[in-house]
2 protein chains.
Amino acid sequence: MSVASKTSTKKRFLQFLAHKKLRITSQRQAIADTVFDTDEHFTAEQLLEWSRGRDKSVSRATVYRTLPLLTESGLVREMDFGKDYKFYDPNYAEHPNHNHLICQDCEKIVEFESEKIERIENEITHKLGFSLKSQRLQITGTCEELKKLGACKKKC
Amino acid sequence: MSVASKTSTKKRFLQFLAHKKLRITSQRQAIADTVFDTDEHFTAEQLLEWSRGRDKSVSRATVYRTLPLLTESGLVREMDFGKDYKFYDPNYAEHPNHNHLICQDCEKIVEFESEKIERIENEITHKLGFSLKSQRLQITGTCEELKKLGACKKKC
DNA sequence: CTAGGTGCAAAGCATTTGCATGGGT
DNA sequence: ACCCATGCAAATGCTTTGCACCTAG
């Protein structure tokens, strides 16, 4: 994602705060800077660590109190990959319908989009009498081909 | 699901235990009876409660120690609907590729299958250099049509 | 000024685990 | 008999919260 779009995503978050009449504190700015400066999925603990790198005064409590604001704004999405802790994905602002493919060996995560799947999902949802609000598709696989190419960096 | 198929699913679990040279205790039987006697998704706490209805001697620890065996057998699947606790789905023995549609208002859950989506998932996974092992698709929506028909029983 | 925000530490809560006892095989 | 499985209760680890102080607006 471009630097410009990331910057504007951060701006959108600050606007979200303003709209809810919430204060723009230095801690919230450090957290927002961190979140919208990366494409990576992160945990609360990582977000704390990275944010403290920018502003020592960020506490664990503030990180946990800010995460719901981030997801509520629609710019970050909570993800569950079956671990004890949650992951957060900062790429929903630009790609609200993207999906995840996870390698069960090396835990590499690839994001992808599919208009075809979106269309079928809408069809089915409608046929069952619902209106689609959001969707999550998670595929688990093994990156055998990537292994051959030497592109799977970790445990493969 | 028919009574007969549920009975045979339970048998498959007992065979799974035998195959792993694990003991068939009264507690494990009570838990298996409970799990394979329902089509409903359940939590660890519910499973404990229901199992104790059959056998007072079932403890919370045993339930938590049995759940991994159930998922490992492939007959039950761990689900995450974004709550603090996990749900378990006992319908994977018969429909290993089914998906979930959840009403965000009343939390009603509908299961569905789609060959088309399965095909596209396989295509994409292959194109990205992976072999598909499993998939989870979860759609969140509102059951407006069900509301009109009066079929949405809860908060709608 | 002043209500909302923060850090700290304690609390919560689902899940896991150590240990002594019990029961399949 | 052997030793895996169990119940109990304590421990774990992520997340939440109460409280007194602080600070953005």
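In the text below, chain A, chain B and the rest are named by the order of the sequence lines, each starting its count at 1. Note: hydrogens, waters and symmetry copies are ignored here, and every other heavy atom, side chains too, is used.
- Using a distance-only test at 3.5 Å, with no hydrogens or angles considered, no donor-acceptor pair links the side chain of B/S51 to the main chain of B/L48.
- When rounded to the nearest whole Å, the span between CD of B/Q27 and C1' of C/dG23 equals 9 Å.
- For the pair B/K83 NZ and C/dT15 C1', the computed distance is 19 Å after rounding to whole Å.
- Checked by atom type, the side-chain pair B/H126/B/E121 shows no donor-acceptor distance below 3.5 Å.
- For the pair A/F112 and B/L128, the minimum side-chain heavy-atom distance is below 4.5 Å.
- With the nearest nucleotide of DNA chain D identified for both B/R28 and B/A61, B/R28 has the one nearer the 5' end.
- A donor-acceptor pair under 3.5 Å is absent between the side-chain atoms of A/R52 and the main chain of A/S59, judged by distance alone.
- With respect to A/R54 and A/D37, a salt bridge is recorded, a charged nitrogen being found less than 4.0 Å from a carboxylate O.
- Taking atom CZ of residue B/F87 and atom P of nucleotide C/dT15, one finds them 10 Å apart after rounding to whole Å.
- For the side-chain hydrogen bond (donor to acceptor under 3.5 Å, both in side chains) criterion with B/H41, the lone passing option out of B/E111, B/R77, B/Q46 is B/E111.
- By the 30° and 60° cut-offs, the orientation of the rings of B/F81 relative to B/H100 is perpendicular.
- In this structure, A/Q46 places its CD atom 14 Å from C1' of D/dC14, rounding to the nearest Å.
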Can you give me the N/O atom pairs linking the protein to nucleotides 12-14 of chain C at distances under 3.5 Å, or say none if there are none?
none

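- Following rounding to the nearest Å, A/L47 (CG) and D/dC14 (C1') show an atom-to-atom distance of 15 Å.
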What's touching nucleotides 22-25 of chain D from the protein side, N or O pairs under 3.5 Å?
{"from": "D/dG25", "atom 1": "OP1", "to": "A/I24", "atom 2": "N", "distance (Å)": "3.3"}

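- One can place CZ of B/R52 at 14 Å from P of D/dT6, the figure rounded to the nearest angstrom.
- To the nearest angstrom, P of D/dT6 lies 13 Å from CG of B/L48.
- Taking the ring centroids of A/Y92 and A/H98, they lie under the 6.0 Å cut-off.
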Query - Worked check of side-chain contact (heavy atoms from CB on, under 4.5 Å) between B/T140 and A/Q135 - result: CA-CA 6 Å; B/T140 302; A/Q135 58 84 240; over 6 Å; no

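- Contact check of residues 65-77 of chain A against DNA chain D (heavy atom, cut-off under 4.0 Å) returns A/R65.
- Counted by atom type alone, B/E113 and B/N99 present zero donor-acceptor pairs between their side chains at under 3.5 Å.
- Salt bridge B/K86/B/D80: absent, no basic N to carboxylate O contact under 4.0 Å.
- As a whole-Å value, the separation of A/D80 CG from D/dC14 P is 14 Å.
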